[in-house]
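Written below as structure tokens is the structure these notes are about.
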Amino acid sequence: MSAKKDQPSSHFIKRIINADNESGKWDGRVHTRFPPEPNGYLHIGHAKSICINFGLAEEYGGKCNLRFDDTNPLKEEEEYVNSIIEDVKWLGFDWEDRLLFASDYFQQMHDFAVDLIKKGNAFVCDLSSEEIRNQRGTLTEPGTESPFRNRSIDDNLDLFARMKAGEFSDGERTLRAKINMVHPNLNMRDPVMYRILYATHHRTGDEWCIYPMYDWAHGLGDSIERITHSICTLEFEDHRPLYDWFLQALDTYHPQQIEFARLNLNFTVVSKRKLKRIVDEGVVDGWDDPRMPTISGLRRRGYTPVSIRNFAETVGVTKRDTIVDAARLENALRNDLNKRAPRVMGVLDPLKVVITNYPEDKVEYVDAVNNPEDDSAGTRKVAFTRELVIEKADYMEDPPKKFFRLGPGREVRLKYAYFITCHGAVRDENGDVTELHCTYDPETKGGAAPDGRRVRGTLHWVSATENIAAKVRLYDRLFNNENPEEGGDFMKNLNPNSLQIAEPAFLEASISEPVSGCTYQFERLGYFIADVQHSSSGKLVFNRAVTLRDSWAKHAQKVHK
RNA sequence: UGGGGUGUCGUCUAAAGGUAGGACACCGGGUUUUGGUCCCGGCAGUCGGGGUUCGAGUCCCUGCACCCCAGCCA
């Protein structure tokens, strides 16, 4: 019945928004924000948050601000601002004219603080950070009140003005909220609102020597921007009472903070601190190394915005602490690319094949389908010659059962070209096969036999003479363990084979000028993208984003065990 | 031994007192000029114990497990 149809959509934040829209709490507005601190690169976990915040705004016809939470000049840099802007834009979201900074509100925040002092709800404290820590109490013991807690409003006003004016040194005094030193929630034990910090801010320069703390600044930023739903991660749950306390004490516009569980992925780490260590210790090339779960790394790896957005959609939004299987992310990529990626042939581990009954100098161009999932993608011509390369793995001297590829006396199809039959192998002094001698059947041009005979195997191939040589970087997961923390130190669980190089690899000539940002499918192998940093005009370098599913490899591995 | 949260197939996630469903993973089979895709089928779950109810994943009581919090970080 219609009751079913009218049912609000699934996740709990949407449910809250639906209820709000029904009650008219925000006059039907939905206004979210994505509030990164510009102190590092964005990763897949941030992508989830971006998709939630911008996605909700899109879905409800609302708005989402991009707001930099830049209240700690010691850690923040413009470089990060720029990378974050690029990443959010790349994911396909639009903040219109609302590129905002918490630092733009420093004056307003200061004025609000003066207000709070006047209301008797904040005081200047002379305790050192160590003294404050000692007096805060513990999880099970109450704190004790600062001796400066009951200064007069006038004294507080005066002292706060002098803090701002630069009369005191780094850390000498703080402005604290006057709440409750025996509160069971430590965040409510007279939290620091302002600290003295002589540091140059990436936007306000040396204008300020006092900087607001997160809890004070964040709610105010939300309030100033008329945010309706302030969505953050679970660890801020205990901060909500403080968020609410400040806004209530100020008697000002008061958004609702809602917390969801951050994304965790197995076989990787999703934490700025840990990713930084991987970068700093030179395990990877940088924050945008294709093995990194950063947005810039995924982009270089060949991931598409659509695949990341779909992934974020499918993992859902809940309050449960969970670890998502990295295979889900790969799956989202394959799903998107299968429909859209142009197909091309490339051989990464070449084995020479000579078609002994094919004319020496002949070059024939066969038609190849660009994308079997999309007729409109059309066809292209691929050069076929007497000498070719195929994958080493596609030939076996003594093939096991169910091996459908090439072997002595076996016939296979070279995709889009001809059936060939293997008649001999040339070996080097070590006994390794270096060259195959085959014959082709001219009747099978295009890959079909007029007599109706069938072959089990179809191989990809590249002309040994008409091709382009490239270097291909084959990436695998960064960690060997599902849980990189296993054993205590994630650095000990790094996968030493997370990067392998295939060189020279031979690609069909049609890909000599790859479309920038386009991820291709190399038939039977996987999805690959030209690397923006390593490629030069003379030398193409491709990154492997992900392999194709390979049920033969899986089967072979099982038999091997 | 304070406070705040969370427990549904192996993994994510629905079910809003009324048939525990989907996706991924895994296992079979079919189609296939990619051992890809697609299609069909299978496997498998409500943290435990009480209670309320015709009926409980959902409500109540109780226990257990796990996560977060003692920055002048965010």
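So you know, we letter chains A, B, ... as the sequences are listed, proteins then strands, and number each from 1. The basis for the numbers below is simple: all heavy atoms, side chains too, and nothing from hydrogens, waters or symmetry mates.
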Among G3(B), G36(B), C72(B), the one nearest Pro372(A) by side-chain distance: G36(B)

Distance-only donor-acceptor test, Glu373(A) side-chain atoms vs G36(B) base atoms, 3.5 Å: yes

Compare the minimum distances between each of G7(B), C24(B), G4(B) and the side chain of Ala327(A), then state the nucleotide with the smallest one. C24(B)

Measure the distance from CD on Glu482(A) to P on C12(B) and round it to the nearest whole Å. 10 Å

Given U13(B), C72(B), C69(B), which nucleotide is nearest the side-chain atoms of Arg320(A)? U13(B)

Contact class for Phe236(A) vs. all strands (heavy atom < 4.0 Å): base, sugar-phosphate, or nothing? base

Take the angle between the ring planes of Tyr243(A) and His218(A) and call it parallel below 30°, perpendicular above 60°, tilted in between. tilted

Whom does A65(B) pair with, Watson-Crick or G-U wobble, provided both distances fall under 3.5 Å? U6(B)

Between Arg524(A) and G35(B), is there a side-chain N or O to OP1/OP2 distance below 4.0 Å? yes

At 4.0 Å (heavy atoms only), tell me whether Asp69(A) reaches a base, stays on the sugar-phosphate, or touches nothing. sugar-phosphate

Once you apply a heavy-atom cut-off of 4.0 Å, does Pro191(A) come out as touching a base, just sugar-phosphate, or nothing? nothing

Tell me whether the side-chain N/O atoms of Asn331(A) come closer than 4.0 Å to OP1 or OP2 in A25(B). yes

Can you figure out which of U13(B), C24(B), G5(B) approaches the side chain of Lys319(A) most closely? G5(B)

Select one nucleotide: of G35(B), U34(B), A74(B), the one nearest the side-chain heavy atoms of Glu523(A). U34(B)

Please determine, for the side chain of Asp325(A), which listed nucleotide (U11(B), G3(B), U6(B)) has the closest atom? U11(B)

Which part of the nucleic acid, if any, lies within reach of Ser551(A) when heavy atoms closer than 4.0 Å are counted: base, sugar-phosphate only, or nothing? sugar-phosphate

Would you indicate whether Lys392(A), at its atom NZ, is surrounded by more than 12 heavy atoms from other residues, nucleotides or ligands within a distance under 6.0 Å? yes

Taking the C1' atom of each, how far is U11(B) from C26(B), in whole Å? 11 Å

Testing Arg340(A), Lys339(A), Arg334(A) one by one against Asp336(A) for a salt bridge (Lys or Arg N to Asp or Glu O under 4.0 Å), which residue passes? Arg340(A)

Phe403(A) near the nucleic acid: base, sugar-phosphate alone, or nothing, with a heavy-atom cut-off under 4.0 Å? base

Pick the closest RNA chain B nucleotide for Glu237(A) and for Asp321(A) by heavy atoms, then say which residue is nearer the 5' end. Glu237(A)

Checking Asp190(A) side chain against Asn180(A) main chain: does a donor-acceptor pair fall under 3.5 Å? yes

A74(B) base to His239(A) side chain: any donor-acceptor pair below 3.5 Å? yes

Of the nucleotides G35(B), A74(B), G36(B), which one has an atom closest to the side chain of Thr71(A)? A74(B)

Nearest 0.5 angstrom please: Phe160(A) CZ to His110(A) NE2, how far? 4.5 Å

May I ask you to evaluate whether Arg136(A) reaches the phosphate of C72(B), defined as a side-chain N or O under 4.0 Å from OP1 or OP2? yes

Tyr214(A) stacking on A74(B): centroids under 5.5 Å, ring planes under 30°? no

From the candidates C73(B), G7(B), G35(B), the one with an atom nearest any side-chain atom of Lys75(A) is C73(B)

Does a nitrogen or oxygen in the side chain of Arg133(A) sit under 4.0 Å from OP1 or OP2 of G71(B)? yes

In terms of base orientation, is G49(B) syn or anti, with the syn window spanning 90° either side of 0? anti

Just to be sure I understand the rule, does Ile132(A) reach a base, reach only the sugar-phosphate, or reach nothing, if contact means heavy atoms closer than 4.0 Å? base

Only pairs with both distances under 3.5 Å count, Watson-Crick or wobble alike; so what is the partner of G21(B) in this structure? U13(B)

Checking all strands, does Thr322(A) fall into the base, sugar-phosphate, or nothing category for heavy-atom contacts under 4.0 angstrom? sugar-phosphate

Write down the distance separating the C1' atoms in G2(B) and C60(B), rounded off to the nearest Å. 26 Å

Please compare Phe404(A) and Ser129(A) by the position of their nearest nucleotide in RNA chain B and report the one closer to 5'. Phe404(A)

Mind checking whether Phe542(A) and Tyr520(A) have parallel, tilted or perpendicular rings, split at 30° and 60°? perpendicular

Pick base, sugar-phosphate or nothing for Arg454(A), based on heavy-atom distances below 4.0 Å to the nucleic acid. sugar-phosphate

Residue Asp238(A), side-chain atoms from C-beta onward, closest of G4(B), G2(B), C27(B): G4(B)

Would you say the side chain of Arg549(A) and the base of G35(B) hold a donor-acceptor pair, judged only by whether the two atoms sit under 3.5 Å apart? no

Looking at every strand, decide which applies to Gln521(A) at a 4.0 Å heavy-atom threshold: base, sugar-phosphate, or nothing. base

Provide, to the nearest angstrom, the distance between the NE2 atom belonging to His218(A) and the C1' atom belonging to A74(B). 9 Å

If I compare all heavy atoms of Leu74(A) with all of Leu197(A), which pair ends up nearest, and what's the gap? CD2-CD1, 3.9 Å

Can a donor-acceptor pair under 3.5 Å be found between the side-chain atoms of Arg343(A) and the base atoms of U34(B)? yes

Output the distance between atom NZ (Lys178(A)) and atom CE (Met193(A)), rounded to the nearest 0.5 Å. 12.5 Å

What contact category does Ala217(A) fall into here, base, sugar-phosphate, or nothing, at under 4.0 angstrom with non-hydrogen atoms? nothing

Within the 4.0 Å heavy-atom criterion, would you say Lys339(A) contacts the bases, only the backbone, or no part of the nucleic acid? nothing

The side chain of Glu76(A) lies closest to which of these nucleotides: C38(B), G35(B), A74(B)? A74(B)

Heavy atoms only, 4.0 Å cut-off, all strands: where does Leu127(A) land among base, sugar-phosphate and nothing? base

Using only side-chain N and O atoms of Thr318(A), determine if any of them is under 4.0 Å from OP1 or OP2 of U13(B). yes

